[in-house]
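Indexing begins at 1, ligand by ligand and atom by atom, following the structure's order. For reference, positions follow the sequence shown, starting with 1.
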Amino acid sequence: MIINTHSHIYDEAFDTDREEVFQRALEAGVEMLLLPNTDETTIKPMMEFYEKHPDNVRVMMGLHPEEVYKDKEDKRFADKKDYKEKLRIIEEEVPRLTARNDTMVGIGEIGLDFYWDDTFKKEQIEVFSEQLHWAKELGLPVSLHTRNAFREMFKVLDHEQDGRLAGVMHCFNGTYDEAKTALSYGFHLGLGGVITYKNCGVKDFLAEIPMERIVLETDDPYLPPVPYRGQRNEPAFIVKTAEKVAEIYGVTTEEICKITSKNAKSLFKL
Ligand SMILES: [Zn+2]
């Protein structure tokens, strides 16, 4: 049985066949899907999917770093809400969801992303830090998104880690040193389809990372593993990632599924 720690199955990419996609995941051995939120517009579809499958789904609440921008100052975002308003809407959901059993298991996905530009670097850091505070106060793990931002990410963690932060460096694609640093802050590495790519550097040192510190994910509908590159990714494809990770560690796929599920269960208190 597999726990998929990062799936956006509520995304509109699955609007035409979401239930079939979910059935395929169950058939592939996925027993639990963790759904990170993205912005204020994704809360509704995410919760609708959760209500349909409360035995196999858990949610996380958070504002994605790519959704942090100010509408007034940039006409590209003229039709979007200001990030502060988005954050307030998401914050309001948190007590509602924590009051329910077996529903919300983390804060995510949150983090820093300076891939396209770093115009809102200051705002991203501010929003990220605020959400880390929620996690610490609630004792919840986080799902961290880091793209072109490890330096800044570790700077924030250095300031914020007081022993209360735990979570996943989702879709980890950094260097060996970055992996070691992430582990030193108490984080797990989230491995997805990227680990199956020829040019992925993580597979060269993964065997040196303790198996107790990795979890599996898909980040669907993005980043499909080989042999599905170019297609829409889906939760069932996690099996291909599990197979690759098992090959790297020289253990069976079953064993990797067992260990990573155990890790996810204890981290997210499933
Ligand atoms: Zn994601």
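- Between E208 and K180 there is no salt bridge, since none of the side-chain N atoms of the basic residue sits less than 4.0 Å from a carboxylate O of the acidic one.
- Protein N/O/S atoms nearer than 2.8 Å to the Zn ion (ligand 1) total 4.
- Each of F14, F22, Y10 was compared with F49 under the ring-ring contact (aromatic ring centres under 6.0 Å, His included) criterion, and only F22 meets it.
- Below 30°, between 30° and 60°, or above 60°: for Y222 and H8 the angle between ring planes is above 60°, a perpendicular geometry.
- K262 places none of its side-chain heavy atoms less than 4.5 Å from the side chain of E212.
- Annotation for F172 and V202: closest pair O-CG2, 3.8 Å, computed over non-hydrogen atoms.
- Each of K269, R58, M61 was scored for a side-chain contact (heavy atoms from CB on, under 4.5 Å) with V105, with one residue passing: R58.
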